[in-house]
Amino acid sequence: MKKNILLLAITFITAQLHAQDYLKPIDSIVKLYAGKEIPGFAVLVSKNGKTLYSRNAGYANLEKKEKITDKTVFALASTSKQFTAACIVLLEKQGKLSLDDNLRKYMPEFPEYAEKITINQLLNHTAGLKDHRALAMFRGEKSDEYNSSAIKDMLTAQELNYQPGEKWSYSNSGYWCLAQIVEKVSGQSVALFAEKNIFKPLGMKDTRYVTKPDNKVKNAAAGYQNDGTHYNPSDVDEYAVGGAGVYSTAKDLQKWLAEMESHRVFGPAFWNTMTAENPAQGKGFAYTKGLFNFKYAGRTMISHGGDVVGFHPITAYFPAEKIGVVILGNDDDFKRYEILGAAVDLLLGDTYDYPKVENSITEKQNDEDKTITVSPSLLESYAGNYELTPGFTIAIVVENGTLRLTQLWDLTSVLVKPSNETHHFEIAGANLAFSNFEAGKATQLHIVTSEEDSVYNRMDKEPDFTLYDKYAGTFYCKALKATITFFTEKGILYYKLKNSEPFIASPPDSEGAFSTSHGSILFKVEASGNVTGFLLNHERVLNMEFLKQELIKA
């Protein structure tokens, strides 16, 4: 008997050592953080429910000089959705609700269309509800300042994006509704229900839902954004549980993934509903109960990430290989999939390409050796304005022995580097070539990227800076109770939301069709040329109608 125990121990130690060979890539990344006072991450890799690898790198709080440890608690952002979904599934298994129940049964404040929305559709992002975070953004407001009453008032005033069940479209509004349903059915807040029914049974002692102002979280990591000179802490907590709200540690989340594998506490029926029952199909993935199911390196991966300012976590489970991964970071520039690849690629039998470390001194010397000089007279022959189509104009000027390219539609400006002594230049991701010389001046500029070859023609006159003046004005959306104001400056169309800095609307591909950082805008233009309003479309909010304010009847 003792001999068998010894053999088992030797086998376990050998397996652990073998696993460490597979995890050298993630070790190499962790080492890059040594000696640096920067935000970082925690990573934990498990197999068969046992921890293979657990490391921390960087600082949880730069101001307090606190490093990330096993006790550091991170905001999970949308990774929280699986726990809100789990609350609903537990209530269903307790016979207290059905996933086929309609939304209006629990929230009669919604319009009649809510009778067609099922709980299952809320869980799987097929309900058609507009996303409340995007709606708040269009108002020029922060959704994290909204309480449940404000979210309800805003959502119940909206039409659907599409008919329930028609398509998959990610929406935090569905998960806000689910949190309300948990509270109405259980008589407890979603935070308390999850604590009693999920976190406590699994021994997840450092995991809980957090909302303002109750946001005193022991050992919590601060999230950071880098403005180019230093790291600034971010505020991520909201007044209402929507699609986020959970804080946790890597070790606690490993317990959740271990339960996903073993079914020891909640049983096979619960996990079948969570991971496989009535999924929604997206492009290249299935989604069910707060969990994505798609292929990673040819293997099935059940996962969910999260994205709020300063935090970009992910939990991932590979059921066939019984491998679980938890990655938590507190840097807004954090690339979770780079860490995921380093953590699992070799374990999955795939290859891993270590990041190339360039010799900066050698590279600099090589750049100096390759310096190309273009004669001043040639440079002057390239200077001028070039137009692709009306509104898409590039200005080329000579500056310090080279050329500066400026996109006049958004004022993006870069220096371009010659790639030979005549006519050819380059910038990141594009090659430039001047051609068709007349009277000593280039008349065409070719800009070639991996996707297209665009030909800009020299303009004989100055660009038309009045092109977008007709779109200027203030527009009002009744469903949002919000205005957006457009104005022009030196031929550029700008817009402002409530109390916001101006944003640029990129030139249209067709009459009145602009793209913006808030979605696409299609202006309504009468035959006379008068603009009466526009439709705003965002991937999570469709067909928001704005009318020109002076045309709205009192």
Side-chain angles (χ1 to χ4, degrees), residues 79-110 112-129 148 152 155 164-165 168 171-204 207-209 240-246 252 255-280 286-293 302 304 315 317 319:
T79 306
S80 308
K81 285 184 170 66
Q82 57 199 294
F83 297 110
T84 302
C87 291
I88 290 287
V89 174
L90 283 173
L91 287 169
E92 188 259 347
K93 298 307 175 191
Q94 293 168 8
K96 295 179 179 178
L97 58 78
S98 166
L99 300 188
D100 292 325
D101 287 344
N102 72 70
L103 172 59
R104 212 171 186 209
K105 177 179 179 179
Y106 301 98
M107 303 193 72
E109 305 92 334
F110 271 86
E112 287 186 12
Y113 62 64
E115 293 178 2
K116 300 177 183 179
I117 296 173
T118 67
I119 290 178
N120 195 69
Q121 289 167 343
L122 296 171
L123 288 162
N124 293 354
H125 298 301
T126 58
L129 293 174
S148 282
K152 180 181 70 176
L155 286 180
W168 187 90
S171 175
N172 287 291
S173 298
Y175 273 75
W176 175 81
C177 291
L178 292 169
Q180 310 312 303
I181 292 172
V182 170
E183 294 186 7
K184 290 195 175 186
V185 173
S186 71
Q188 305 169 12
S189 69
V190 66
L192 183 58
F193 184 85
E195 167 64 24
K196 289 182 176 180
N197 293 275
I198 299 175
F199 304 144
K200 189 173 182 179
L202 293 178
M204 298 171 69
T207 305
R208 65 185 178 96
Y209 280 86
V241 173
V246 177
D252 266 10
K255 295 175 183 177
W256 171 249
L257 295 183
E259 166 62 17
M260 191 180 293
E261 176 185 315
S262 70
H263 306 167
R264 180 179 57 84
V265 176
F266 301 133
F270 169 88
W271 283 109
N272 180 64
T273 300
M274 282 290 293
T275 62
E277 197 174 277
N278 296 321
Y287 191 99
T288 176
K289 321 307 182 294
L291 291 164
F292 285 94
N293 185 320
I302 300 171
H304 209 296
T315 61
Y317 176 62

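Numbers for residues simply follow the sequence, beginning at 1.
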Is there side-chain contact between [X] and [Y], with heavy atoms separated by less than 4.5 Å?
X	Y	answer
Phe292	Ile302	no
Asn278	Leu99	no
Pro164	Tyr113	no
Leu178	Val182	no
Thr275	Asn293	no
Tyr287	His125	yes
Gln121	Lys116	no
Ile117	Asn102	no

Spacing of [atom1] belonging to [X] relative to [atom2] belonging to [Y], to within rounding of 0.5 Å:
X	Y	atom1	atom2	result
Tyr317	Trp256	OH	CH2	13.0 Å
Gln94	Asn197	CD	CG	6.0 Å
Phe199	Arg208	CZ	CZ	10.5 Å
Phe270	Met260	CZ	CE	8.5 Å
Ser98	Leu91	OG	CG	12.0 Å
Glu277	Leu123	CD	CG	10.5 Å

Next item on the list: In sequence, state the C-alpha distance, the side-chain angles, and the governing distance for Val89 and Phe266, and then conclude on side-chain contact (heavy atoms from CB on, under 4.5 Å).
Entry: CA-CA 10 Å; Val89 174; Phe266 301 133; over 6 Å; no
Next item on the list: Using a strict cut-off of less than 4.0 Å between a Lys/Arg side-chain nitrogen and an Asp/Glu carboxylate oxygen, indicate whether Glu109 and Lys152 qualify as a salt bridge.
Entry: yes
What pair of heavy atoms forms the shortest contact from [X] to [Y], and how long is it?
X	Y	result
Gly243	Asn172	CA-OD1, 3.7 Å
Pro279	Ala286	CB-CB, 4.2 Å
Gln82	Leu291	OE1-CD2, 3.4 Å

Item checked: Criterion side-chain contact (heavy atoms from CB on, under 4.5 Å) on Trp176 and Val241, from CA distance to verdict -> CA-CA 6 Å; Trp176 175 81; Val241 173; over 6 Å; no
Quiz question: by atom type and distance under 3.5 Å, do the side chains of [X] and [Y] form a donor-acceptor pair?
X	Y	answer
Thr273	Lys93	yes
Glu195	Thr207	no
Glu259	Trp271	yes

Next item on the list: Just do the side-chain contact (heavy atoms from CB on, under 4.5 Å) check on Asn120 and Thr288 with the steps written out, would you?
Entry: CA-CA 9 Å; Asn120 195 69; Thr288 176; 5.7 Å; no
Notebook entry, point to check: Would the number of heavy atoms belonging to other residues, nucleotides or ligands and lying under 6.0 Å from NZ of Lys200 be above 12?
Noted result: no
Item checked: Full working for side-chain contact (heavy atoms from CB on, under 4.5 Å) between Ile119 and Asp100 -> CA-CA 6 Å; Ile119 290 178; Asp100 292 325; over 6 Å; no
Next item on the list: Decide yes or no on side chain to side chain donor-acceptor pair (under 3.5 Å) for Tyr209 and Thr84, but give the supporting numbers first.
Entry: CA-CA 10 Å; Tyr209 280 86; Thr84 302; 2.8 Å; yes
Between the side chain of [X] and the main-chain N/O of [Y], is any donor-acceptor distance below 3.5 Å?
X	Y	answer
Ser171	Leu129	yes
Glu261	Leu257	no
Lys289	Ala85	no
Thr126	Gly165	no

Notebook entry, point to check: When you measure from the centre of the six-membered ring of Tyr175, is the NZ or CZ of Lys81 under 6.0 Å away and within 45° of the axis?
Noted result: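 Yes.
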